[in-house]
Amino acid sequence: MIAKPNSILAGLIGAGIQASRTPAMHEHEGDAQGIRCLYRLIDLDKLGLSSEALPELLSAAERMGFTGLNITFPCKQAIIPLLDELSAEARGIGAVNTVVFKDGKRIGHNTDCLGFAEGFRRGLPGVARERVVQMGAGGAGAAVAHALLQAGVRQLTVFDVEPSRAADLAANLNASFGAGRAAAGSDLPAAMAEAQGLVNTTPVGMAKLPGMPLPAELLHADLWVAEIIYFPLETELLRTARALGCLTLDGSNMAVFQAVKAFELFSGLQADAGRMMAHFASLG
């Protein structure tokens, strides 16, 4: 039986993260389990830093006795060379969103894939999965793409503002899931016309970056549409899609379930997913 830790000191490294609900979720679950959990935001924007500060920030966290760190945009791939070990999932995805400091080592994990997969299973059961378009091929996009193919999507077309990044992700997916399962997109209108589903993994639609990741006229009523953004829960994309009659999925489940797994990695204990979901919802 794993001994309960007396305390957890964790943090989130990312840019523009002041609205994150992750600290509240971790600290509330720690309280419920009788653990003193302190969770701090390490906001690159607020500190006037870029991802180039990651080596310094990781070393500082180790020296100050952090249990671990969550990692978000724009650091999920940049952090990999700074780690000692990767979980099999993080290695396959090529992105890390959770780092545990253990026995003098920095161990990288990915809980985004599980988080999206659980949200998709709960929120869009039984939807068509022949052709899906994904916007974004960054760290979160890589995790979501793996989750979609694991969930049975037959063909995933990935678009990114950096076409080479979409091509790299498609190559990684085909190596893992079989040739032809993924492709880098070049004609968004044509891909959307054939698509049954659309997933946005870009930051476009967040409160700090409002708008839509693609033209509204490319949406159609036969689509299901999923977001990973949770602030706001109703992005312009979801609002527009719902007005057309599309089935939609917001980012709340992914946010909660990635935190559930991260809490378990930090504490060694099983988190109460229902309790964490209820607390997330109570935050408004």
Side-chain angles (χ1 to χ4, degrees), residues 10-17 19-23 25-26 39 51 54 68-80 83 85-100 106-124 132 134-151 153 156 158 160 165-166 168-169 172-173 176-177 182 197 199-206 213 226-231 233 235 249-266 271 273 276-277 280:
L12 173 65
I13 297 179
I17 55 174
S20 175
R21 297 182 185 179
T22 300
M25 284 192 287
H26 280 264
Y39 195 107
S51 59
L54 279 173
L69 294 165
N70 285 130
I71 309 296
T72 191
F73 176 84
C75 302
K76 292 182 179 183
Q77 292 162 321
I79 200 165
I80 290 177
L83 305 178
E85 296 179 12
L86 294 177
S87 69
E89 190 161 50
R91 187 180 304 108
I93 293 169
V96 163
N97 80 320
T98 304
V99 176
V100 177
R106 304 166 173 178
I107 305 168
H109 300 266
N110 191 299
T111 70
D112 281 336
C113 183
L114 177 149
F116 182 83
E118 186 63 20
F120 188 68
R121 183 184 71 80
R122 290 170 176 241
L124 290 172
V132 174
Q134 176 174 306
M135 306 302 297
V144 169
H146 274 74
L148 287 168
L149 294 188
Q150 289 170 2
V153 168
L156 183 68
V158 182
D160 194 271
R165 192 160 64 170
D168 289 344
L169 176 55
N172 173 289
L173 294 168
S176 299
F177 294 95
V199 184
N200 178 38
T201 72
T202 78
V204 178
M206 293 176 67
E227 273 276 19
I228 67 169
I229 293 168
Y230 70 84
F231 191 79
L233 270 180
T235 61
L249 176 69
D250 65 39
S252 59
N253 279 292
M254 180 174 175
V256 171
F257 284 99
Q258 65 81 22
V260 166
K261 182 61 178 176
F263 182 89
E264 292 174 353
L265 289 168
F266 293 150
M276 290 182 75
M277 180 67 78
F280 178 93

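The structure presented is a predicted model; accordingly, all values stated were derived computationally and were not measured.
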Just wondering, do Lys76 and Asp112 contact through their side chains at under 4.5 Å, heavy atoms? yes
Testing the basics here: between Val204 and Ile229, what is the closest heavy-atom pair and its distance to 0.1 Å? O-CD1, 3.4 Å
Restricting to non-hydrogen atoms, name the atom on Ile93 and the atom on Cys113 that form the minimum distance, rounded to 0.1 Å. CD1-CB, 3.7 Å
Any non-hydrogen side-chain atom of Val260 less than 4.5 Å from a side-chain atom of Glu118? no
Here the gap from Ile80 atom CD1 to Arg91 atom CZ, rounded to the nearest 0.5 Å, amounts to 10.0 Å
Any heavy-atom pair between the side chains of Gln134 and Leu169 that's under 4.5 Å? yes
Identify the two heavy atoms, one from Ala140 and one from Ile228, that lie closest to each other, and give their separation to 0.1 Å. CB-CD1, 3.6 Å
Does the ring centre of His146 sit less than 6.0 Å away from the ring centre of Phe116? no
Drop me the distance from Phe263's CZ to Met25's CE, to the nearest 0.5 angstrom. 12.0 Å
Smallest heavy-atom separation, Ala95 atom then Gly139 atom, equals CB-O, 3.6 Å
Does Ser51 use its side chain to pair, donor to acceptor, with the backbone of Pro74 at less than 3.5 Å? no
Rounded distance (nearest 0.5 Å) linking atom CE of Met254 with atom CG of Leu249: 10.5 Å
Just by distance, do the side chain of Asp250 and the backbone of Tyr230 share a donor-acceptor pair under 3.5 Å? no
Would the distance check show the side chain of Asp160 and the main-chain N or O of Ala137 forming a donor-acceptor pair, the cut-off being under 3.5 Å? yes
Plane angle bin for Phe266 and His26 - parallel if under 30°, tilted between 30 and 60°, otherwise perpendicular: tilted
Are Thr98 and Asn70 side-chain neighbours, meaning at least one heavy-atom pair lies under 4.5 Å? yes
What are the two closest heavy atoms between Ile17 and Leu12, and how far apart are they? CD1-O, 3.4 Å
Please report the closest heavy-atom contact between Val158 and Gly136, naming both atoms and the distance. CG1-O, 3.8 Å
Quick one: CG on Leu148 to CG on Leu156, what's the gap to the nearest 0.5 Å? 6.0 Å
How many angstroms lie between CG in Asn97 and CG in Leu69, if you round to the nearest 0.5 Å? 11.5 Å
Do other residues, nucleotides or ligands put more than 12 heavy atoms under 6.0 Å from the CZ atom of Phe177? yes
If we only count heavy atoms from C-beta on, is the Phe257 to Arg122 side-chain gap below 4.5 Å? yes
Inter-residue atom distance Asn110.CG - Lys261.NZ, 0.5 Å rounding: 11.5 Å
Given side chains that start at C-beta, do those of Leu233 and Glu227 come closer than 4.5 Å, heavy atoms only? no
